[in-house]
Amino acid sequence: GSGAAQRLDFSVAAWQCSTASAMVARAIAKQRKISAQILKPPGVGKAAAVKKSGSRAIWVPDPKKRPGNATAWQRNVVKVALQRGHVVLMLRGKFFRVPLSQRLSFKRSAPQQDSNQPYMAAQTLRESFKLGAMPNDLGYDFEEGVLKFLPSLKGTPVETPLPRSEWPPGIRPADGHAPWWLPANWAHGVKTTCKTYLPVFIAPNTRTVYHQPVVEA
């Protein structure tokens, strides 16, 4: 009787040990996976992707794909630029303040769907806007080698955040400090049109985004 009881106790102990070991192994594997995701550098210049954040999908723009139809934000940027005489362009991931007197030329041997753009007949930045160009179009053309600034780019790098007076409507200053990963020339605010606390990040060209992967795209 006592021998059978001892064997039963040993079997139970062995099962408990095995179960505990398996739980520890799963916990270690999970932690390693999380660490690998944290240490993985963000993808810069990659194709557009849909990244998941919890149960929501985040769309990340593709710098190799021509922008679609002009948005209200881009049309407003052009309107303000024509009034002020300069515009902030994003060129290869960096922001530059460029005068509208900047001379430029477009490579007419570009793919057919691109060379048909009416603004490609422009000789200055101002003319390109009057012929329908949008800021994102010019950034794409420059990235693809279709756009060339003559004799060189006169723009100056934008190193400080957009002044509060130039923020888009519906945004107030955020509480506390900006996230550590936010570039120094981006502003950090909170939407006033949302019932919940919704942080928003404002680029030097007044573009607004809500997620880190889009800021770093």
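Basis for what follows: all heavy atoms, side chains included, without hydrogens, waters or symmetry-related copies.
Rounded to the nearest 0.5 angstrom, F129 CZ and R75 CZ are separated by 14.0 Å. For the atom pair CZ of F201 and CZ of R207, the computed distance is 12.5 Å after rounding to the nearest 0.5 Å. Residue L100 holds its CG atom at 11.0 Å from CD of Q83, rounded to the nearest 0.5 Å. With values rounded to the nearest 0.5 angstrom, Q123 atom CD is found 9.5 Å from S105 atom OG. Here the straight-line distance linking atom CG of L91 with atom CZ of F142 works out to 5.5 Å at 0.5 Å rounding. The CD atom of E216 sits 13.0 Å away from the NE2 atom of H211 when rounded to the nearest 0.5 Å.
Cluster membership for W186 and W167, using ILVMFWY side-chain heavy atoms within less than 4.5 angstrom, is not shared. W180 and V214 fall within the same hydrophobic cluster, defined by Ile, Leu, Val, Met, Phe, Trp and Tyr side-chain heavy atoms under 4.5 Å apart, directly or through other members. Note on V77: it clusters hydrophobically with L125, by side-chain heavy-atom contacts below 4.5 Å among ILVMFWY residues. V98 and V80 are members of different hydrophobic clusters when ILVMFWY side chains are connected at heavy-atom separations under 4.5 Å. Grouping the Ile, Leu, Val, Met, Phe, Trp and Tyr side chains by contacts below 4.5 angstrom, directly or via other members, places I202 apart from V88.
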Exercise for the section: I would like to know whether D137 and Y119 meet side-chain contact (heavy atoms from CB on, under 4.5 Å); could you show each step before the answer? Expected result: CA-CA 10 Å; D137 291 322; Y119 65 80; 3.5 Å; yes
Practice task
In sequence, state the C-alpha distance, the side-chain angles, and the governing distance for K107 and K148, and then conclude on side-chain contact (heavy atoms from CB on, under 4.5 Å).
Solution key: CA-CA 8 Å; K107 184 185 296 185; K148 183 178 180 180; over 6 Å; no
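Side-chain contact between P173 and R164 is present, with heavy atoms from C-beta onward closer than 4.5 Å. Using a 4.5 Å heavy-atom cutoff, the side chains of V87 and L89 are in contact. Here the side chains of L182 and H188 are in contact, with some heavy-atom distance below 4.5 Å. For the pair T124 and Q102, the minimum side-chain heavy-atom distance is 4.5 Å or more. No side-chain heavy atom of L104 sits under 4.5 Å from any side-chain heavy atom of L150. Residues F106 and D141 form a side-chain contact, since some pair of their non-hydrogen atoms from C-beta on lies under 4.5 Å apart. Looking only at side-chain heavy atoms (C-beta outward), Y140 and V146 stay at 4.5 Å or farther from each other. Counting heavy atoms from C-beta on, the side chains of N185 and P204 come closer than 4.5 Å.
Between G85 and R126 the shortest heavy-atom distance is CA-NH2, 3.9 Å. P118 and L131 make their closest contact through O-CD1, 3.9 Å (heavy atoms, listed as atom of the first residue, atom of the second, distance).
A distance-only check finds a donor-acceptor pair linking the side chain of Q74 to the backbone of N136 [under 3.5 Å]. Listed for the N76 side chain is no donor-acceptor partner under 3.5 Å among the backbone atoms of W73. Listed for the T192 side chain is a donor-acceptor partner under 3.5 Å among the backbone atoms of G170.
Remark: E166 CD is packed, more than 12 non-hydrogen atoms of other residues, nucleotides or ligands lying under 6.0 Å away.
With F149 as the aromatic partner, R103 does not meet the cation-pi criteria of under 6.0 angstrom to the ring centre and within 45 degrees of the ring axis.
Evaluation of the side-chain contact (heavy atoms from CB on, under 4.5 Å) rule for K191 yields I171, T193, C194, L198, V200, Y210 as partners, not counting sequence neighbours.
The pair K94-E159 does not meet the salt-bridge criterion, since no charged nitrogen lies less than 4.0 angstrom from a carboxylate oxygen.
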